Amino acid sequence: MKKNLFELPIPTRDGRFTARYSQKGLAELDFPTSHRRRRGNESQISSPDESVRDSSRRLPWIPNRILNWHRATKAALKNILAGRAAGNLPPLDLTGGTAFQQAVWRALRKISFGTTKSYGDIARAIGRARAVRAVGGACGANPIPVLVPCHRVLAANRKLGGFSAGLDWKQTLLAREGVKF
DNA sequence: AGGCTCATGACTC
DNA sequence: GAGTCATGAGCCT
C-alpha cells in the first residue's frame, strides 16, 4: 500500500514546520530542521510550490479537503506554540504504525493540555503494564509530534525522559504549557 | 541526590 | 536471534 502524501509548510516564529497529508488526514508533522529517521517504504511526496500567488504554476493539484485540514493543522500548531490548548484538530491518519504503536498514540491523545503522564502510566493505560520501555519506543515513532502530545510524557521520577526532535523542544513545549518539573 | 544493575517488550537489521 | 532503547524498581553509597 503506497503512501502518496501532500506536503505543505507551516511557517512559525519557531521555524518552518512541515505537514504531510494522506487521503485520510494529517499523517506526519516535522519540526524545523528535524532529521526524522526514514523507515520502511519510501513515501512519494508531492511538493507544491510554496508561493500562494503562484497558484497557476503549482502542479500537483491539492484537493480542497486537504487545504481545509491544513488550516486546522496550522491553527492547532500555532495555538500550542503560543501556550494555548490546540483546539480542533484535523483528522489524523495514524494507520502507519503497528497495533502497539497505535495503542500508545491513542493513549497519548488523551493527555490533556498542561498535564503529563509517565511512560509507565501509558503502559498501564493500554493494558501492557510491563511494556514501559517499549512505550518510549512508540513515542519516538510518533509521526505527528506536538498534536499527538508525546512531549507530555515524562519519566516516572519526574525527569524529562527523551525526545526525538531534541530535549530542548520538549522542554520548550512543556514550559509553554505551564508544566513545572 | 546520584549511580549501578537488571528485567522487560517492541522493533530493527 | 542479537542488539537497541524516550523505563522503572531496587539497592547501594
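Just so we're on the same page: letters track the sequence lines, and every chain starts at 1. Because the structure is predicted, anything quoted here is derived from the model rather than measured.
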Summary of ring pair (Phe, Tyr, Trp, His ring centres under 6.0 Å) pairs that have at least one residue in residues 70-92 of chain A, sequence neighbours excluded: A/Y21-A/H70
Using side chain to side chain contact (heavy atoms under 4.5 Å, CB included) as the criterion, list what pairs up with A/D93, not counting sequence neighbours. A/S22, A/K24, A/A27, A/T95
Grab the N/O contacts between the protein and nucleotides 1-4 of chain C below 3.5 Å, and write none if there aren't any.
none

So, using side chain to side chain donor-acceptor pair (under 3.5 Å) as the criterion, who are the partners of A/R109 when residues are at least two apart? none
A/N79: what forms a side chain to side chain contact (heavy atoms under 4.5 Å, CB included) with it, not counting sequence neighbours? A/R84
Let me have DNA chain C in dot-bracket notation, would you? Count Watson-Crick plus G-U wobble pairs, both distances under 3.5 Å, and use [ ] for pairs crossing earlier ones and | for inter-strand partners. |||||.|||||||
Rounded to the Å, how far apart are A/R130 CZ and C/dT7 P? 18 Å
Distance, rounded to the nearest Å, where A/R152 contributes CZ and C/dA6 contributes C1': 17 Å
Rounded to whole angstrom units, what separation is found between the CH2 atom of A/W105 and the C1' atom of B/dA10? 12 Å
Is a donor from one side chain sitting under 3.5 angstrom from an acceptor on the other, for A/R71 and A/N68? yes
Where along residues 115-123 of chain A does a heavy atom fall under 4.0 Å from DNA chain C? A/S118, A/Y119, A/G120
Proximity to the side chain of A/K170 - top-ranked nucleotide from B/dG9, C/dG8, C/dA6: C/dA6
Whole angstrom is fine here: how far is it from CZ in A/R158 over to P in C/dT7? 16 Å
Listed once per pair and sorted, the salt bridge (Lys or Arg N to Asp or Glu O under 4.0 Å) pairs that draw on residues 123-136 of chain A, sequence neighbours left out: A/D121-A/R124
All ring-ring contact (aromatic ring centres under 6.0 Å, His included) counterparts of A/F17, not counting sequence neighbours: A/F31, A/W169
Take atom CZ of A/F100 and atom C1' of C/dA6, then tell me their distance rounded to the nearest Å. 12 Å
Measure from the side-chain heavy atoms of A/A156 and tell me the nearest of C/dG8, C/dA6, B/dG9. C/dG8
How close or far is atom C1' of C/dC5 from atom CD of A/Q101, stated in whole angstroms? 13 Å
Whether over 12 other heavy atoms sit under 6.0 Å from A/K78 NZ: yes
For a quick check under 3.5 Å, do A/T116 and A/R158 share a side-chain donor-acceptor pair by atom type? yes
Checking contacts here: which listed nucleotide (B/dT8, C/dG8, B/dA10) is nearest the side-chain heavy atoms of A/R128? B/dA10
Taking CG from A/N157 and P from B/dG2, how many angstroms apart are they, rounded to a whole number? 10 Å
Listed nucleotide nearest any side-chain atom of A/A134, set C/dG8, C/dA6, B/dG9: B/dG9
Starting from C1' on C/dA6, measure out to CG on A/N142 and report it in whole angstrom. 12 Å
Side chain to side chain contact (heavy atoms under 4.5 Å, CB included) with A/P91: which residues, sequence neighbours excluded? A/W69
Using the side-chain heavy atoms of A/R133, tell me which of these nucleotides is nearest: C/dA6, C/dT7, B/dC11. C/dT7
Sequence neighbours left out, cut at 3.5 Å: what donor-acceptor pairs do the side chains of residues 171-181 of chain A make with other protein atoms?
unit_1 : atom_1 : unit_2 : atom_2 : d
A/T172 : OG1    : A/D168 : O      : 2.8
A/R176 : NH1    : A/D14  : OD2    : 2.9
A/R176 : NH1    : A/L81  : O      : 2.9
A/R176 : NH2    : A/D14  : OD1    : 3.0
A/E177 : OE1    : A/G114 : N      : 2.9
A/E177 : OE1    : A/R152 : NH1    : 2.9
A/E177 : OE2    : A/H151 : NE2    : 2.8
A/E177 : OE2    : A/R152 : NH1    : 2.6

Under the side chain to side chain contact (heavy atoms under 4.5 Å, CB included) test, which residues partner A/A125, sequence neighbours left out? none
